[in-house]
Visitor: 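The structure is given below, and queries will be raised subsequently.
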Amino acid sequence: MKFSDKIYTLLKKVPIGKVTTYKELAHATGCDAYRAVGQVLKKNPDAPNIPCHRVVATNGTIGGFNGFKTGPNIDRKKSMLEHEGIVFDGDKVVDFEKKLYKF
DNA sequence: AACCTAATCACTA
DNA sequence: TAGTGATTAGGTT
């Protein structure tokens, strides 16, 4: 429970207009459980308070969302991020490293 | 350069 | 205890 709880807390700390990666998130928790992060987010116990859409892959791509590696859900996520101030170039984030929230 | 495979960690049933 | 997953990195073609 510590791992997931940490993930939630960190994610809530991410300000609007910023994004984070699974790797950074995992490293912030102390483990490199990239996949575990996704697992925890998938469960998403506090969806409205946890911006899972601000979590992207390490290379800047969205990676996946809501169990869909690609498709309409991804577009939905992109729209949300654009609304937050994040710009998307195809499936990649523009100035991703610049907008990456560092813990 | 692009694609595919294997490895790794935590969580759920 | 065993299986799964919203990934990542590396090697191969």
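Here is how names work: the chains are called A, B, and so on, in the same order as the sequence lines, proteins then strands, and each is numbered from 1. The structure presented is a predicted model; accordingly, all values stated were derived computationally and were not measured.
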Visitor: Using a 3.5 Å cut-off on both pairing distances, which stems of three or more Watson-Crick or G-U pairs include DNA chain C?
Guide: B:1-7 with C:7-13, B:9-13 with C:1-5
Visitor: Would you indicate what A:F3 reaches in the nucleic acid, counting non-hydrogen atoms under 4.0 angstrom: base, sugar-phosphate, or nothing?
Guide: sugar-phosphate
Visitor: If you compare all heavy atoms of A:N49 against all heavy atoms of A:K12, which two are closest, and at what distance to 0.1 Å?
Guide: O-CG, 3.4 Å
Visitor: What's the closest nucleotide to the side chain of A:Q39 if the choices are C:dT8, C:dT4, C:dA6?
Guide: C:dT4
Visitor: Need two values: the first and the last nucleotide of DNA chain B, 5' to 3', having an atom under 4.0 Å from any heavy-atom of chain A.
Guide: B:dA7 to B:dT12
Visitor: Can you check whether A:K42 has a side-chain N or O nearer than 4.0 Å to OP1 or OP2 of C:dG5?
Guide: no
Visitor: I would like to know whether A:L81 and A:V87 meet side-chain contact (heavy atoms from CB on, under 4.5 Å); could you show each step before the answer?
Guide: CA-CA 7 Å; A:L81 287 169; A:V87 186; over 6 Å; no
Visitor: Looking at A:D91, I want to see if its CG is surrounded by more than 12 non-hydrogen atoms of other residues, nucleotides or ligands under 6.0 Å.
Guide: no
Visitor: Atom SG in A:C52, atom CG in A:N44: separation rounded to 0.5 Å?
Guide: 3.5 Å
Visitor: Identify the heavy atoms of A:K99 and A:I86 that sit nearest to each other, and give their distance.
Guide: CD-CD1, 3.8 Å
Visitor: According to ring pair (Phe, Tyr, Trp, His ring centres under 6.0 Å), who are the partners of A:F96, at least two apart in sequence or on a separate chain?
Guide: none
Visitor: Of all of residues 19-36 of chain A, which get a heavy atom below 4.0 angstrom from DNA chain C, listed by number?
Guide: A:Y22, A:K23, A:Y34, A:R35, A:A36
Visitor: How many angstroms lie between NZ in A:K43 and CD in A:Q39, if you round to the nearest 0.5 Å?
Guide: 5.5 Å
Visitor: How would you list, by chain and number, every residue that makes a side chain to side chain contact (heavy atoms under 4.5 Å, CB included) with A:E82, sequence neighbours excluded?
Guide: A:F88
Visitor: Taking distance alone, no hydrogens or angles, what donor-acceptor pairs closer than 3.5 Å link side-chain atoms of residues 18-27 of chain A to residues at least two apart or in another chain?
Guide:
residue: A:T21; atom: OG1; partner: A:E24; partner atom: N; Å: 3.1

Visitor: For A:K92 and A:T61, which heavy atoms make the closest approach, and how far apart are they?
Guide: CG-CG2, 3.5 Å
